[in-house]
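The chains referred to below are lettered A, B, ... by the order of the sequence lines, with proteins before strands, and numbering in each begins at 1.
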2 protein chains.
Amino acid sequence: MSDNDKALPPTAKSLKKSYCNDALPPIEEHTRQYETVRNAHETELIEDYVELIGDLISHRGEARAADIASRMGVSQATVSKMIRRLNELGLVTSKPYRSLFLTAEGQKMAETSRARHDIVLHFLRALGVNDHTARIDAEGMEHHVSNETLAIMQRFIDEQTKR
Amino acid sequence: MSDNDKALPPTAKSLKKSYCNDALPPIEEHTRQYETVRNAHETELIEDYVELIGDLISHRGEARAADIASRMGVSQATVSKMIRRLNELGLVTSKPYRSLFLTAEGQKMAETSRARHDIVLHFLRALGVNDHTARIDAEGMEHHVSNETLAIMQRFIDEQTKR
DNA sequence: CAAATAGTTTAGCCTTGGCTAACAATCATT
DNA sequence: AATGATTGTTAGCCAAGGCTAAACTATTTG
């Protein structure tokens, strides 16, 4: 959620009655919802790093730990540790004290993440969300949007921009 | 992301060229984006528990740890530990071996979360997303949608349902 | 080319949110 | 009222993702 968010928060009262009468979902479906979110959490940081590394390489020619740290808003030590993890996962290759490269798999992940991110961002803008807010929301939402929803968002963008 | 998600993942190629030429955002804005997501992560589990507790109370009359555990798909020990945290945060009151109550603050959080959740869910359905997928996506997205975007989603729902 | 500066890594700490296993309390049934 | 089943708690483990401080490497510059 945006912290410089002047709009009022929603209240239960601001919702139409009919919205609130949904029964609880059956247990196992409910469980799966939460599990899906937990799983997304495990991968999303990884994806964010890989996506950022890909962006740095394509916009700057290389990805240095210091740049990653300052963009992520995190200490260099944290980045260094994370790079080791990405290495173990086969997503990047790195030699000590040198800049990073994405493996083929890492590149694929970066592209997919970037594409997803862009769809969500452009969708929010097409919906009428202010650019700054859209960027923040997209960063958080991208890992929780199914392919089905992405496809619908893409269609929405196409329709908006056609005119 | 839904795991039973048959649609193809997006590829960089499936995006219009113009989507991909965005430059990197200026560093401090970029940093703030990631910070916002990290902050959301700290609160979202808390909010999920509180929201679920509120739902259990209103649909079942009470919230028992065993129900929370089975709905969350998590062990009872994990729930017990979490309840201690919620207690420390002043969101619930509990006596050992008895069921839970939300404090005034907890109730406020539950209502806000529920309202946000409902807006996102109904928005996705209004967009044309299948109910099952919408539920899963909403669960993940709700904590990352700014009030500005929520307001726009609400407007979208109103327009769709008016006709 | 030596020294200062910048960048990277390592060590060791902390918190969160999972888990299992063992124990404690409550409840339901006879 | 006793007991077995259910429910709740505690202890102790683990991995992830932050941090700081210190050590090490690379680069720039006087």
Whole angstrom is fine here: how far is it from [atom1] in [X] over to [atom2] in [N]?
X	N	atom1	atom2	result
B:K95	D:dT9	NZ	C1'	18 Å
B:I83	C:dG17	CD1	C1'	14 Å
B:K81	D:dT9	NZ	P	14 Å
A:L45	C:dT16	CG	P	17 Å
B:E35	D:dG17	CD	C1'	15 Å
B:E44	C:dG18	CD	C1'	15 Å
A:R38	D:dA16	CZ	P	16 Å
A:R98	D:dC24	CZ	C1'	14 Å

>> Between A:Y97 and A:T78, which residue's closest nucleotide on DNA chain D lies nearer the 5′ terminus?
In response: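 Closer to the 5' end of DNA chain D: A:T78.
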
>> Would you call the rings of B:F156 and B:F123 parallel, tilted or perpendicular, taking 30° and 60° as the class edges?
In response: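 Correct class here is perpendicular.
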
>> Testing the basics here: between A:L86 and A:Y49, what is the closest heavy-atom pair and its distance to 0.1 Å?
In response: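 Scanning both residues, the minimum pair turns out to be CD1-CB, 4.0 Å.
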
>> On a heavy-atom basis, which atom in B:G106 and which in B:V50 lie closest, and how many Å separate them?
In response: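 The answer is O-CG1, 3.3 Å.
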
> Heavy atoms under 4.0 Å, any strand shown: does A:V79 hit a base, just sugar-phosphate, or nothing?
Replying inline: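 The residue A:V79 makes no contact with any strand.
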
> Under 4.0 angstrom, heavy atoms only, what part of the nucleic acid is A:A77 near: base, sugar-phosphate, or nothing?
Replying inline: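 Answer is base: heavy atoms of A:A77 come under 4.0 Å of a base.
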
> 5'-most contact on DNA chain C: B:M82 or B:Q76, nearest heavy atom basis?
Replying inline: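 Upstream on the strand: B:M82.
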
So, is [X] close to the [N] phosphate, meaning a side-chain N or O under 4.0 Å from OP1 or OP2?
X	N	value
A:S75	D:dC19	yes
B:R84	D:dT9	no
B:R85	C:dG17	yes
B:R64	D:dG8	yes

> Between atom CZ of A:R116 and atom CD of A:E51, what is the distance when rounded to the nearest 0.5 Å?
Replying inline: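 So the gap between those two atoms works out to 8.5 Å.
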
> Less than 6.0 Å separating the ring centroids of A:H117 and A:H143?
Replying inline: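 So the answer is no for these two rings.
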
